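Keep in mind that the numbers below use all heavy atoms, side chains included, and drop hydrogens, waters and symmetry copies. Owing to the predicted nature of the structure, the values given are computational and were not obtained by experimental measurement.
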Amino acid sequence: MKPIKIILGLMFFFLLGLLTINETQPAEATAMQVALATTKNSNGTVQQTPPTTPPAATQTASEAKKPAKRTYVAIGVNDQIIPFYDAKPYIENSTAYVPIRRIGEALGGEVTYDSKTSSAVFTYNKTTLKFHINQNEVSIETGTGTETLPATIFKEEGRTYVPLRLFGEKLGFQVDYLSQERTVRVSNNPKALNNEQFLAKNKSSLALERMAPKYAYLTFDDGPSRYSGQFLTALSKYDIKATFFQIGLNVKEYAKESKAEAQAGHYIGIHSYSHDKTKLYHDPASFMNEITVTQNLIKQNAGFNTMLVRAPYGSKPYLTGDYRNALAAGHYKLWDWNVDSDDWALGDNTAQIMANIKNGVARVQRIHPSGPVVILMHEKAATAKIVPQLIDYLHNQGYSLEKYDPSKNVQMNFWNDTRF
């Protein structure tokens, strides 16, 4: 009997422990409820109330950002939905995060970056918010002094993300969280539409902005060139980063443009030295020599160390096994495309260039609805003209536009060689 009593006693204490754990565990709210809890001050400004579950933005600097379920949201400023062409706002770990540059400019402020302190700086009227990425804290500077708070700040997709709540709390914007619509509205305009009118006006944009992103990559071959500046200007207007595949001979001739493409934050790839298939594809040694010479030129001129290769005329049929083995041995990545603009053959026919891209994107969507789109274009005058139209088209198709990222390599080669 004694062993039975001991066993029953142990079971009793085990069950009691489980009950105690359940009773002390706080009830979970939904991500939208936690992230978007607000109260109004006497002046009408909406402020967030402390949620039951502590938001990630209140973590200390030593606490790492943990992966969690992500809910994409639309962001409205006054009466307009703000389009996010690449990095999208979302709720994660019970906090709404937004890319600082896009939201800052939409709010009418100025966003700059301080490379010495690794900080994103947002200035609005007489208040400055300095988001210190490495320290995971934000400094709020006003005419009366400086306040420093912990905040989860991080880089993703090449963008700096910050907690949206700070714009309401520290800058006096009214923040309305329309949870059923997965929409956040930030306003400083007392004459703005009411929420019902706002939703009705922006109905078509809401679904688009709340979509989980699928990715498109704008790639431009045969540069740098005399048109490089036009591409950089068009991309900068939308704050879009692209991938430029540079030819070694052109790097020598347009050294300034080569460097400008890298300094603007675009990814630089290798597109051989000569672009002459007779010389380039004579044998694997000739091919690899052009790759390494161009790689060194780009590094010396632009300070950009790249391992990404696009073979002139595509990897098929030229890059047979020996060529690819040599590339893989050097730890290079090989990138082709799945949408061809054929712009090199179309002169000034911008309409046909756009039509080719649209047809190619539609084909990819039929085969891989959520798969990546890698668009082949060239540094041509006509192509530079269609960049704004192309960005708008891809955004309206639900794509986020990205540059190549070696940390999350997208396999895209005609041989389906998994080494690349």
Side-chain angles (χ1 to χ4, degrees), residues 32 34-51 54-59 61 73-84 87-92 94-114 117-133 135-155 159-179 183-195 198 209 239:
M32 203 68 178
V34 172
L36 309 181
T38 59
T39 56
K40 281 194 177 182
N41 291 336
S42 57
N43 61 5
T45 300
V46 174
Q47 301 288 346
Q48 293 179 319
T49 58
T58 63
Q59 294 176 344
V73 293
I75 304 291
V77 172
N78 291 323
D79 293 338
Q80 300 292 331
I81 291 293
I82 304 304
F84 287 82
K88 289 194 169 191
Y90 59 82
I91 292 172
E92 185 177 281
S94 305
T95 300
Y97 295 104
V98 289
I100 176 64
R101 177 171 174 179
R102 191 68 177 155
I103 188 65
E105 291 177 347
L107 292 174
E110 180 182 6
V111 179
T112 57
Y113 290 89
D114 185 344
T117 60
S118 296
S119 301
V121 182
F122 175 64
T123 303
Y124 179 80
N125 290 337
K126 297 181 179 180
T127 301
T128 297
L129 273 62
K130 290 186 177 180
F131 297 92
H132 305 288
I133 300 168
Q135 288 76 31
N136 259 354
E137 63 183 24
V138 57
S139 299
I140 301 99
E141 300 177 1
T142 63
T144 59
T146 301
E147 177 186 12
T148 300
L149 299 173
T152 300
I153 305 162
F154 55 93
K155 279 190 172 292
R159 303 298 180 198
T160 301
Y161 276 79
V162 300
L164 177 61
R165 65 179 181 84
L166 291 170
F167 295 97
E169 290 181 0
K170 301 303 175 183
L171 296 175
F173 286 92
Q174 176 172 320
V175 182
D176 289 326
Y177 297 98
L178 314 178
S179 57
T183 300
V184 185
R185 188 182 182 194
V186 185
S187 177
N188 62 350
N189 179 9
K191 295 183 180 179
L193 302 174
N194 62 40
N195 288 336
F198 166 78
E209 294 301 324
D239 194 24

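Here F198 contributes atom CZ and D176 contributes atom CG; the two are 9.0 Å apart, rounded to the nearest 0.5 Å. Rounded to the nearest 0.5 angstrom, L107 CG and I82 CD1 are separated by 8.0 Å. Separation of atoms CD1 (I153) and OH (Y97) is listed at 10.0 Å; rounding is to 0.5 Å. Here the straight-line distance linking atom OG1 of T142 with atom CG of N125 works out to 12.5 Å at 0.5 Å rounding. To the nearest 0.5 Å, the span separating CG on L149 from CG on N136 amounts to 12.5 Å. One distance of note links NE2 of H132 with OG1 of T117; it measures 6.5 Å at 0.5 Å rounding.
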### Query
Step by step, would you call V138 with V162 a side-chain contact (heavy atoms from CB on, under 4.5 Å)?
CA-CA 9 Å; V138 57; V162 300; over 6 Å; no

### Message
With side-chain contact (heavy atoms from CB on, under 4.5 Å) as the criterion, how do R185 and D79 come out once you've worked through the C-alpha distance, each side chain's angles and the decisive distance to 0.1 Å?
### Response
CA-CA 8 Å; R185 188 182 182 194; D79 293 338; 2.9 Å; yes

### CA sep, side-chain torsions, deciding dist, call: V184, V98, side-chain contact (heavy atoms from CB on, under 4.5 Å)
CA-CA 11 Å; V184 185; V98 289; over 6 Å; no

### Query
Taking it one step at a time, do V121 and E141 satisfy side-chain contact (heavy atoms from CB on, under 4.5 Å)?
CA-CA 11 Å; V121 182; E141 300 177 1; over 6 Å; no

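When side chains are defined from C-beta on, Y124 counts as touching N188, because their heavy atoms get closer than 4.5 Å.
Looking at residues two or more places apart in sequence or on another chain, you find no side chain to side chain donor-acceptor pair (under 3.5 Å) involving R102. Legend: residues meeting ring pair (Phe, Tyr, Trp, His ring centres under 6.0 Å) with F167, ordered by chain and number and at least two apart, are F122. N189 pairs by the side chain to side chain contact (heavy atoms under 4.5 Å, CB included) definition with N78, S187, K191, A192, not counting sequence neighbours.
Summarising the geometry of A106 relative to V77, their closest heavy-atom pair is O-CG1, 3.5 Å, with the distance given to 0.1 Å. Taking both residues in full, the closest heavy atoms of G168 and V175 are given as CA-CG2, 3.7 Å, listed atom of the first, atom of the second, then distance. Across all non-hydrogen atoms, the minimal contact from T127 to L129 is CG2-CD1, 3.7 Å. Heavy atoms only, all atoms of each residue included: P99 and A87 are closest at CG-O, 3.5 Å. The nearest pair of heavy atoms linking S139 to T148 is OG-OG1, 3.5 Å. Between R165 and P150, the shortest heavy-atom contact is NH2-O, 4.1 Å.
In this structure, F154 and Y161 have parallel ring planes: the angle between them is below the 30° cut-off, well short of the 60° mark.
The backbone N or O of F84 sits less than 3.5 Å from a side-chain atom of E209, completing a donor-acceptor pair.
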